[in-house]
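A quick note: this is a predicted structure, and the numbers were derived from the prediction, not measured.
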Amino acid sequence: MTNAEIAAALSELGTLYELDGAVRYRVNAYKEAARVIRQSPISVEELARAGRATDLPGVGKTLQEKIVTLLETGAIPSAEKLKAKFPASLVEVTRLPGVGAKTARRLFDELGIATLEDLRAAAEAERIRNVRGLGEKFEESVLAALDRLSEEGAPGRVLLSHALPVALELAEALRENPACDAVTIAGSARRMTETCKDIDLIATATDPVALSSALVEHPLAAQASSARESGGKIVTHTGISVDLRIVPPEAYGNLLQHFTGSAAHNIALRERAVKMGLSVSEHGIADVETGDVARYRTEEEIYERLGLAYIEPELRENTGEIGAAADGELPELVERTDIRGDLHCHTTLSDGRNSLEQMAEAARARGYAYLAVTDHSASHGFGNHVTREELAKRIEEIRALNANLGTKRFRVLAGSEVNIHTDGSLDYDDELLAELDWVIASIHTSFRMKPKELTARAVAACEHPLVDCIGHLTGRMIGRREPYDIDVEAVAEAAARTGTMLEINGNPNRRDLNERNARLAAGIGAMICVNTDAHGTDTLTNIVYGVATARRAWLTADQVANTRSWRDFSRLRKRTRANQGLQ
DNA sequence: GCCGTTTTCGGCCCGACTGTTTTCAGTCG
């Protein structure tokens with residue numbers, strides 16, 4: 001069973017308990033355990049079978065046992081018992097925005113509503129208003145929520161690459177307004193998560209209403225609230241909600257910290273504060289005893305007040321950052337400007353949009369010291385394959401290009417993104433691969449193989465002496481394709497053992513390895529390489545998303561191979577190490 | 001159900017908003 005499936009079962013059980021009227025702490029315990037399990041980079045099934053699921057924070061003896069029962073029998077007895085009491089479809093009803101477990105239970109008890117369809121019928125027949133405590137407004141909001149659900153499917157989250165440019169453009173527009181003192185992007189966009197539900201902007205202003213007006217009257221706005229002292233809200237033409245909140249500068253840090261989140265980080269932070277006799281909110285930090293409220297202009301002061309080192313937004317996910325901040329053990333995160341070269345891109349030789357020369361020039365203009373050109377290999381489909389002869393010719397072209405560049409400050413590396421066949425062999429012969437400066441091996445076909453076979457396939461590629469790096473290991477496409485069922489831990493161990501690098505692919509649709517896998521892999525000792533997989537000069541900028549994932553994976557510059565000069569980077573390659581007898 | 005800088009028992013984050021109420025429960029972020 002995948003972690004997601006185990007998490008879903010526990011989350012469902014939590015909701016069933018909630019419907020049954022359990023105390024909310026028990027419900028919260030299930031939801032929190034589900035969250036932790038969903039985020040675990042290692043197999044919770046294996047952990048539970050070894051009796052060690054309790055290693056996960058929030059999982060105790062009871063849940064350890066329930067997970068094992070779930071794995072062995074496919075069900076959890078307490079959940080089955082509750083499902084006999086009320087239909088499992090009632091869990092769906094609780095997920096409708098505006099309807100929670102308490103309301104769903106009453107609707108079931110008093111009107112027999114068991115499904116979303118029942119709910120719609122009852123609302124349309126105006127029967128819900130007969131339930132004490134619910135009225136006409138509730139019926140309206142239920143119907144509106146149901147309509148949104150059928151229109152959009154699951155509530156929409158957009159890729160960071162869609163949200164961030166909008167956030168940056170709006171923040172810039174606000175900054176240019178004379179009424180603006182400061183504006184910062186908050187929320188998940190600031191944490192650089194894979195997807196965003198909305199955009200949060202925090203500001204201070206000499207004339208708040210004027211600044212709010214600048215937002216609600218911005219050309220990107222398709223719908224807008226009124227411009228208020230406290231801020232404003234718009235929905236862009238692309239359907240992204242944007243909230244602007246304006247506060248006095250004295251509490252700017254408090255609001256920014258609060259709205260940067262994550263929710264889990266804030267909860268953990270407040271729990272820590274409670275133990276110190278403090279109460280943290282977006283308005284300030286209150287001393288519970290005296291009632292004094294301290295407000296802060298910066299986040300640094302807030303973390304300091306709580307006895308913590310400053311925590312970078314990308315780390316605020318409650319995955320150990322608070323403990324590390326308390327112990328002074330936070331990593332110094334890799335930065336975009338640390339990146340010295342990009343080791344994965346395509347040209348018109350395969351499926352790219354720009355020529356070799358254009359890609360090289362764009363990389364040099366970015367200030368890189370090296371760019372590996374890695375077009376697809378011989379068996380790549382879609383008419384974009386590169387034959388053995390074409391690659392040999394390309395190698396010559398790159399040698400000539402480097403000679404013409406005549407500079408030691410920038411070089412193009414002759415590379416290839418080579419398909420890994422189902423048996424783990426590669427798509428070019430070793431003789432040709434040996435001519436290249438750089439080889440990325442990727443799985444592009446037959447990714448529904450059994451997990452063991454798929455893992456063996458990637459491990460075999462790691463063991464090949466001419467493979468420098470494994471590209472986008474799990475193959476997932478955010479929101480579109482699930483990751484391959486591959487044992488990332490086993491591949492990372494092979495990578496660490498053989499000196500093969502593992503890529504963080506910065507394509508915002510991929511972000512692969514993801515932050516959890518990258519943190520796991522680096523922890524095992526695999527060297528990470530952050531690349532764009534750019535298919536044109538315009539997407540070399542996607543390095544920001546790759547670096548964001550690296551930062552969210554707690555990586556330092558040292559753990560990222562391509563923060564090095566070419567001289568130092570080239571020495572890390574397996575082929576160099578082999579030549580020098582280092583392996 | 002989990003967990004320990006006060007704890008193996010007794011706590012468990014904070015505030016805004018909404019709609020329905022005459023003082024608040026439920027939901028959300």
Side-chain angles (χ1 to χ4, degrees), chain A residues 10-11 13-37 53-67 76 78-79 93-107 128-142 144-145 155 157 186-188 191 196-200 225 230-231 233 241 243 245 247 251 254-255 257-286 288 293 302 306-307 316 318 322-323 326-327:
Chain A
L10 293 182
S11 176
L13 179 52
T15 303
L16 289 168
Y17 275 132
E18 198 175 7
L19 284 165
D20 198 37
V23 292
R24 74 191 153 94
Y25 302 108
R26 180 145 73 130
V27 177
N28 285 351
Y30 278 89
K31 304 275 162 127
E32 175 62 11
R35 190 192 70 85
V36 167
I37 288 166
T54 50
D55 287 1
L56 297 165
V59 177
K61 203 160 155 278
T62 306
L63 286 183
Q64 153 73 34
E65 283 168 11
K66 290 196 175 183
I67 294 168
I76 304 174
S78 44
V93 176
T94 70
R95 297 216 177 105
L96 191 73
V99 182
K102 292 272 163 36
T103 309
R105 180 63 194 273
R106 295 194 61 195
L107 291 169
I128 296 179
R129 64 187 63 179
N130 300 330
V131 178
R132 195 176 146 73
L134 303 176
E136 282 179 51
K137 287 271 175 61
F138 180 78
E139 281 174 351
E140 281 172 30
S141 70
V142 158
R157 291 186 71 92
S188 53
R191 302 199 314 278
C196 299
K197 188 164 144 290
D198 52 19
I199 294 168
D200 290 298
S225 71
S230 58
K233 186 183 167 89
S241 299
D243 268 312
R245 291 181 180 81
V247 278
N254 298 102
L255 205 75
Q257 195 287 317
H258 177 82
F259 280 102
T260 296
S262 66
H265 173 82
N266 284 353
I267 289 170
L269 202 66
R270 290 182 206 131
E271 282 170 351
R272 175 184 174 84
V274 166
K275 289 178 188 147
M276 300 170 72
L278 301 171
S279 174
V280 176
S281 79
E282 62 263 53
H283 307 298
I285 299 181
V288 175
V293 178
I302 293 169
L306 299 173
R316 300 184 196 170
N318 193 27
I322 292 177
D327 297 339

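- Atom CZ of A:Arg106 and atom C1' of B:dT20 are 11 Å apart (whole Å).
- When the nucleotides B:dC13, B:dG1, B:dT27 are ranked by their closest atom to the side chain of A:Val274, B:dC13 comes out on top.
- Comparing the same atom, P, in B:dT7 and in B:dC12 gives a spacing of 16 Å after rounding to whole Å.
- Residue A:Lys31 is out of contact with every strand shown, counting any heavy-atom pair closer than 4.0 Å.
- Remark: A:Arg26 is in phosphate contact with B:dG1, judged by side-chain N or O atoms under 4.0 Å from OP1 or OP2.
- Comparing B:dG11 with B:dT6, their C1' atoms sit 11 Å apart, to the nearest whole Å.
- If you check B:dC13, B:dT21, B:dC2 against the side chain of A:Arg132, the one that comes closest is B:dT21.
- When the P atom is compared between B:dT5 and B:dG15, the two are found 24 Å apart, to the nearest whole Å.
- Contact annotation: A:Ser279 reaches the phosphate of B:dC14 (side-chain N/O to OP1 or OP2, under 4.0 Å).
- Distance check on atom P: B:dG4 versus B:dT18 gives 38 Å, rounded to whole Å.
- A pairwise comparison of heavy atoms in A:Lys233 and A:Ser241 identifies NZ-CB, 4.4 Å as the closest pair.
- Between the CD atom of A:Glu65 and the CD1 atom of A:Ile67 there is a distance of 10.5 Å, given to the nearest 0.5 Å.
- Rounded to whole Å, atom P of B:dC28 lies 15 Å from atom CG of A:Asp198.
- The side-chain heavy atoms of A:Asp243 and A:Phe259, taken from C-beta on, include no pair separated by under 4.5 Å.
- A 4.5 Å side-chain heavy-atom check between A:Asn266 and A:Gln257 finds at least one atom pair inside the cut-off.
- Distance, A:Glu136 CD to B:dT20 P: 8 Å, rounded to whole Å.
- Residue A:Ala33 is out of contact with every strand shown, counting any heavy-atom pair closer than 4.0 Å.
- At B:dG1, one or more side-chain N or O atoms of A:Tyr30 fall inside 4.0 Å of OP1 or OP2 (strictly under the cut-off).
- Contact annotation: A:Lys275 does not reach the phosphate of B:dC13 (side-chain N/O to OP1 or OP2, under 4.0 Å).
- At whole-Å resolution of the value, CG in A:Asn28 and P in B:dG11 are 17 Å apart.
- Phosphate proximity of B:dG29 to A:Lys197: present, with a side-chain N or O under 4.0 Å from OP1 or OP2.
- Rounded to whole Å, the separation between the P atoms of B:dT21 and B:dT27 comes to 15 Å.
- If you take CG of A:Leu56 and C1' of B:dC3, they are 15 Å apart, rounded to a whole angstrom.
- Atom CG of A:Asn266 and atom C1' of B:dG15 are 12 Å apart (whole Å).
- Distance, A:Gln257 CD to B:dC14 P: 13 Å, rounded to whole Å.
- Between A:Gly135 and A:Ala29, the residue anchored closer to the 5' end of DNA chain B is A:Ala29, taking for each the nucleotide with the nearest heavy atom.
- Comparing B:dT20, B:dT22, B:dG1 against the side chain of A:Lys137 picks out B:dT20 as the nearest.
- For B:dA16, the OP1/OP2 oxygens have a side-chain nitrogen or oxygen of A:His283 closer than 4.0 Å.
- Inter-residue side-chain proximity for A:Arg272 and A:Leu278 is flagged as unmet; no heavy-atom pair is nearer than 4.5 Å.
- Note on A:Phe138: only backbone sugar-phosphate atoms sit closer than 4.0 angstrom, heavy atoms only; bases stay farther off.
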Pair A:Glu140-A:Lys137, salt bridge (Lys or Arg N to Asp or Glu O under 4.0 Å): steps then yes or no: CA-CA 5 Å; A:Glu140 281 172 30; A:Lys137 287 271 175 61; over 6 Å; no
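- The residue among A:Pro57 and A:Glu18 whose nearest nucleotide of DNA chain B lies closer to the 5′ end is A:Pro57.
- When distances are taken from the side chain of A:Thr103 to each of B:dC2, B:dG15, B:dG26, the shortest belongs to B:dG26.
- Counting any heavy atom pair closer than 4.0 Å across all strands shown, A:Val59 reaches sugar-phosphate atoms only and no base atom.
- Nucleotides B:dT8 and B:dT23 have their P atoms positioned 40 Å apart, rounded to a whole Å.
- To the nearest angstrom, C1' of B:dC13 lies 15 Å from CE of A:Met276.
- Residue contacts shown for A:Glu32 are absent, as no nucleic acid heavy atom lies under 4.0 Å away.
- Of the listed nucleotides (B:dG1, B:dC28, B:dT20), B:dC28 has the atom at the smallest distance from the side chain of A:Pro97.
- Within 6.0 Å of CZ on A:Arg129 lie more than 12 heavy atoms contributed by other residues, nucleotides or ligands.
- When both pairing distances are held under 3.5 Å, B:dT8 makes no Watson-Crick or G-U pair with any nucleotide shown.
- The side chain of A:Ser281 contributes no N or O atom lying less than 4.0 Å from OP1 or OP2 of B:dC13.
- Among the heavy atoms of the strands lying under 4.0 Å from A:Leu134 are primed sugar atoms or P, OP1, OP2 only; no base atom is included.
- Using a 4.5 Å heavy-atom cutoff, the side chains of A:Leu63 and A:Leu10 are in contact.
- Using a 4.0 Å heavy-atom cutoff across all strands shown, A:Leu96 reaches sugar-phosphate atoms only and no base atom.
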